[in-house]
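Remarks on the structure that follows.
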Amino acid sequence: MIRTRFAPSPTGFMHIGNLRTALYAYLFAKKHKGKFILRIEDTDRERYVEGAVDAIYATLRKAGIFHDEGPDVGGGYGPYIQSQRKDIYMEYALKLIERGGAYYCFCDKERLGSLADEKGVKRYDKHCLKLSKKEVQDKLDAGEEFVIRQNMPTEGLSSYEDMVFGKITVPNDELEDNILIKVDGMPTYNFANVVDDHLMGITHVIRGTEYLSSTPKYNLIYEAMGWQTPNYMHLPPIMKDQKRKLSKRYGDANFEDFLNKGYLPHAIVNYIALLGWSPKDNQEKLSMQELIDAFDIDGISKSPSIFDEQKMKWLNAQYIRELTLEEFHDIALSYYQKMDLVDKFDTLKLSQLLHGRCEVFSDIYNSVDFLTEFGDFDLGLYYHKRMKTDFKAAKPLIEEALKALKEIEFTTDSIMDALTRISEKMGVKKGQTMYSVRVALTGRASTPGGAIEMAELLGKDESLRRLKKSLEMIKKAEHKL
RNA sequence: GGCCCCAUGGUCAAGUGGUUAAGACACCGCCCUUUCACGGCGGUAACAGGAGUUCGAACCUCCUUGGGGUCACCA
């Protein structure tokens, strides 16, 4: 049975890159009918952020990534939070010492600091490896603070087979005697991930390429303990641009932010699935089940990929269009509420107009703000090349529209009739009238609908008021000329 | 800097010795059209450079260049 895991550290919101790692681990497990495990790596007490664990649960749930085992759902390999496994690590560290794979180190920070070479590169010199058993015991008895270090070979090569990168070889003298257990008794990642992955029966370790060249170290621990090494799948990073990795520091790189901008959760998931992987047939829009079915290691790329929000927007628009009007309206409603439109306008009609025009829900703000704002606007807006019109041509049309609309009951048909008749009477193209009236009504270069729709939306009173006002603006401008 | 890894249009990417080098986003043009979108059609645009191997190289090898990762009592 294949078992994969996602092992984030609770240090803040969940980053898009991390989410993609979780996704791939999930897809791989599900594709092979295996289990996906969530483990919280909170061994660094200083970086721990309150609430971050809940944020991880929330993000995973919204993304549609469900773990079979984890702190909140249980499982047979718990606890799934590393800080609760402190004793386990110490137990195995002691065993590793017995097997010669690790040793106690009593060096203080000062001595360590003095180890820097001419280039400032610090490297531990295995000083405490030379301590005799008795010396170690004496120091331990005396209650000296200690750390446990991994004992690396100093010559030869170590290699392993990565499922996406192939054979990776690293000279052993590049490997440092990393700290496995810190003075506070907590393990470092270097040790905890190995112990846990083994104890939790993880068959495939899926993580970022930052571990690509340190993986031989971990394998050395597996070997020293007599454990079987897992399979590895390292994933290239997601970049903000050519040189910068996508990171929290640059902002907007986390899942929650995109949700708040009006992205649909699955659109985000779909997009990031495609960042660094592509299905054989190059299909771009895939449901979670389709992702599971199509996922394969062959499609994973080896080089970093740049995050392109524009493309994610396009995908999001595809998903929005697939929503039913009711679904769209439900989501849009919260935006209308924020804009205080709910009791003033026919929001269902608004949704009909907006449904095909939004790429992300936050587009709603800019596309309907004219409903509540109507001030002076540039008369240049009346100019339209294809309609062959401008504000001078618009003036009589607006005057006529004002007269005609005063007389009628507002319905789609009646407004249409009235405006059509004006065009006939004035001998202009219908589009000219429509365009002029629409601009006079909204003061915007573009709106989520034409003249009739805008008039209906605004209602008779407001429409007449705006036409009047727009007319005055034109007259005032002519006066100045 | 040492070590590990990577390299197809602006971006995501097909492609695994013989292709007119796909497709998508973005961009541009045309059509549709009561604005703007949607949609339809079309277009611009790539194998980083240099040596090899081969009848033949985007695909194999080497070098250069560029990029990423790593070198913590962080994960």
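Each chain gets a letter, A, B and so on, in the order its sequence line appears, and its residues count up from 1.
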Quick check on B:rA14: is either OP1 or OP2 less than 4.0 Å from any side-chain nitrogen or oxygen of A:Ser278? yes
The criterion is side chain to side chain contact (heavy atoms under 4.5 Å, CB included); which residues satisfy it with A:Val49, sequence neighbours excluded? A:Ala52
cation_pi(A:Arg45, A:Tyr48) dist<6.0 Å, angle<=45: no
For B:rA75, take OP1 and OP2 only and decide whether either is under 4.0 Å from a side-chain N or O of A:Arg39. no
Based on the glycosidic angle (syn within 90° of 0, else anti), state the conformation of B:rC38. syn
Check whether any side-chain nitrogen or oxygen of A:Lys311 sits under 4.0 Å from OP1 or OP2 of B:rC25, and answer yes or no. no
A:Tyr263 and A:Phe258 aromatic ring geometry - parallel, tilted or perpendicular at 30°/60° bounds: perpendicular
OP1, OP2 of B:rA75 versus side-chain N and O of A:Arg47: anything below 4.0 Å? no
So what does A:Ser303 touch, heavy atoms closer than 4.0 Å: a base, only the sugar-phosphate, or nothing? sugar-phosphate
Just to confirm, is there a sub-4.0 Å distance from OP1 or OP2 of B:rA13 to any side-chain nitrogen or oxygen of A:Ser301? yes
Which atom pairs link the protein and nucleotides 39-48 of chain B when you take only N or O atoms and keep those under 3.5 Å?
none

If you go through the side-chain atoms of A:Asp308, does one of them form a donor-acceptor pair with the base of B:rA26 closer than 3.5 Å? no
With rounding to the closest Å, how many angstrom separate the C1' atoms on B:rG40 and B:rA45? 22 Å
Quick one: side chains of residues 295-307 of chain A, donor-acceptor pairs under 3.5 Å with protein atoms, not counting sequence neighbours, listed by atom name and distance.
{"unit_1": "A:Asp296", "atom_1": "OD2", "unit_2": "A:Lys280", "atom_2": "NZ", "d": "2.6"}

Distance between the P atoms of B:rU54 and B:rG10, in whole angstroms? 34 Å
On a whole-Å scale, what distance lies between the C1' atoms belonging to B:rA14 and B:rG50? 27 Å
Distance between the C1' atoms of B:rC12 and B:rC63, in whole angstroms? 30 Å
Look at the side-chain N and O atoms of A:Thr43 and state whether any lies under 4.0 Å from the OP1 or OP2 oxygen of B:rA75. yes
Integer angstrom distance from the P of B:rA7 to that of B:rU61: 11 Å
